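Heads up: the structure comes next, in structure tokens.
Counting convention: from 1, in listed order, for ligands and their atoms alike. Keep in mind that what you see is a predicted model, and the values were worked out from it rather than measured. Along the sequence shown, residues carry numbers from 1.
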Amino acid sequence: MPKLSGEVRAASDHRLGFSSLDQELASTALPVEGRLPGWLAGTLLRTGPARFEAGSRGYNHWFDGLAMLHRFAFAGGTVTYANRFLDSSAYRAVRGTGQITYSEFATDPCRTLFKRVATSFLPPRFGDNANVSIVQRGEEFLALTESPLPVAFDPRTLETLGVVPPAPGQMTTAHPHRAPRSGELVSYATHFGPASTYRVYTQDERTGRRRVIARFPAPLPSYMHSFAITERHIVLAEFPFVVIPLAIPLSGRPLIRNYRWQPRRGTRFRVFDLDTGDLRATCQGEPFFAFHHVNAHERGDEIILDLCAYDNADIIDALYLDRLRTPDVPLPEPRLRRYRVPLGGADVTREPFPAISLELPRIDYDRHNGRPYRYVYGTGNDGRGGFPDRITKVDVQGGTSSEWSEPGAYAGEPVFVRAPRARREDDGVLLSVVLDPAVGTSFLLVLDAAGLGEIARARVPHHIPFGFHGGYFPGLA
Ligand SMILES: [Fe+2]
């Protein structure tokens, strides 16, 4: 029986971040310590899991919790906050019946053996619990997860508007990219079936019209949470964490538990031409696993590709809620790595790089996505496998890093916001939601991105469970 979050609600450590938040607030002015930059006029939108149980049953995994949207709106040196559950089918079912009705990443609905057999030839009923990331497509704001159902919402009221046309597969990424030259949204999906494929597709910003530019056979599809893009190519890093598609409906197990670690496959880097969709190269590399790519760019006849790497896929098991709520169990360490992917198809090599712990990486995306860059910001930890608690900045050209931390506090993904008329790449601020278990609440932290000095903080009236990703939208009030 999983530990329910009520048992950890009173925790004075990171476990508070895995306890449910019931309170929804309409736009509320937050007290500010320090001074928010006057030029900060826009909105930080975030999504993340906020309810970890349904009736008496708990979800199994951090990635399963029911999605909540959070909104921090900045204007004239002030900030207001609002939060609201995403009104997804999964959420409505839990509210209505107290039961888990849709399959999540690592939790399935309760089914009798009879029902399991009766439904075993149907695809899993994935919901629209979009708790991973947020993207703007034209006028639409979408919450995303890895099921193919994006959910549109109103960025001002956080009202859920509904599911928009799905991705062309049963599983996709919550990390689409913008093509650096055209600005088009680019993504990929895995289509499971007797002949499974990866489908790389673009979407028109205004019409939402989708165009599949590449279909590539994937007899054993890999779990790929994100991918890389450059000015001319996209790269799917096919980690050796793979699934037999036809086994999924028969197994009776939640989706992710069907994947297997097969290190002898190594990692296969599939390089596609962004304009034509042609497969340009398949390059073999060492076995490893990653959730997040940082950035990539062309350099002569190779692609330089940076990501947050784990030695294997054990991190997925380490993020089950039972384990996360057990004190002092170390987490596998993510390390920033740089790979060189030769366009001629030779083996991939790794550049020597200092061992720096980094997750939830952010860059100055608008200026440096798919192009050479210098700085990445992310979460870091104590180097002993503790839950990520600090903000780390890495100079990927110099190989050095710096940190912001506060004892007992846990910082989330730092979103970079460029200052107006910025001259340096790190001229701007970082926005991070920090859990402060000693007080029992969270605060929005604003750091100077250059020196990681604190500029301001604004305390929220409640705790915000650990989430994943968000975005800053300038001019959105
Ligand atoms: Fe992610």
Side-chain angles (χ1 to χ4, degrees), residues 17-18 44-50 61-65 67-70 86 104-106 126 128-136 142-151 167 171-178 185-190 222-229 234-237 239 241 255-256 259 288-296 305-310 313 315-316 318-320 324 331-337 357-363 365 369 376-381 387-388 391-392 411-416 431-433 464-472:
F18 299 111
L44 174 71
L45 294 169
R46 298 192 60 79
T47 184
H61 199 277
W62 184 15
F63 297 177
D64 294 336
M68 179 180 273
L69 301 171
H70 304 268
L86 191 72
E104 301 294 346
F105 181 81
F126 294 120
D128 48 0
N129 179 28
N131 65 8
V132 181
S133 70
I134 285 170
V135 69
Q136 183 177 7
L142 305 174
L144 304 178
T145 180
E146 291 176 334
S147 85
L149 303 177
V151 181
M171 198 165 175
T172 186
T173 174
H175 293 286
H177 272 297
R178 275 184 200 287
L185 271 180
V186 183
S187 192
Y188 97 94
T190 302
S222 166
Y223 174 60
M224 298 180 288
H225 180 79
S226 66
F227 65 97
I229 197 164
I234 83 150
V235 185
L236 299 181
F239 310 113
F241 190 53
L255 178 68
I256 200 63
Y259 284 74
F288 70 97
F289 176 77
F291 290 116
H292 296 117
H293 291 257
V294 174
N295 201 11
L305 187 153
D306 296 347
L307 41 68
C308 302
Y310 297 87
I315 182 63
I316 290 174
L319 299 181
Y320 277 84
L324 287 168
L331 290 173
E333 289 272 352
R335 300 281 190 212
L336 182 59
R337 284 188 195 165
S357 170
L358 197 81
E359 253 299 1
L360 304 177
R362 301 296 296 232
I363 62 169
Y365 190 85
N369 170 42
V376 53
Y377 317 89
T379 56
N381 66 22
F387 194 79
I391 291 171
T392 299
E413 177 193 54
V415 174
F416 177 80
L431 305 177
S432 171
V433 173
I464 296 179
F466 290 130
F468 303 113
H469 307 288
Y472 178 79

query = When you check the side-chain N and O atoms of Tyr188 and His177, is any donor under 3.5 Å from an acceptor?
reply =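 Looking only at side-chain atoms, His177 and Tyr188 do not form any donor-acceptor pair under 3.5 Å.
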
query = Looking at Phe18 versus Phe387, is the centre-to-centre ring distance below 6.0 Å?
reply = yes

inquiry  = Taking the ring of His175 and the ring of His469, is the distance between their centroids below 6.0 Å?
reply    =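 Between His175 and His469, which both carry aromatic rings, the centre distance is below 6.0 Å.
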
ask   = By side-chain contact (heavy atoms from CB on, under 4.5 Å), which residues pair with Ala313, not counting sequence neighbours?
value = Phe241, Trp261, Phe289

message = Testing His292, Arg335, Glu333 one by one against Glu359 for a side-chain contact (heavy atoms from CB on, under 4.5 Å), which residue passes?
response =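 Answer after filtering His292, Arg335, Glu333: His292.
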
request  = Classify the angle between the aromatic ring planes of Trp62 and Phe468 as parallel (below 30°), tilted (30 to 60°) or perpendicular (above 60°).
outcome  = tilted

ask   = Within a radius below 2.8 Å of the Fe ion (ligand 1), how many protein N, O or S atoms are present?
value = 4

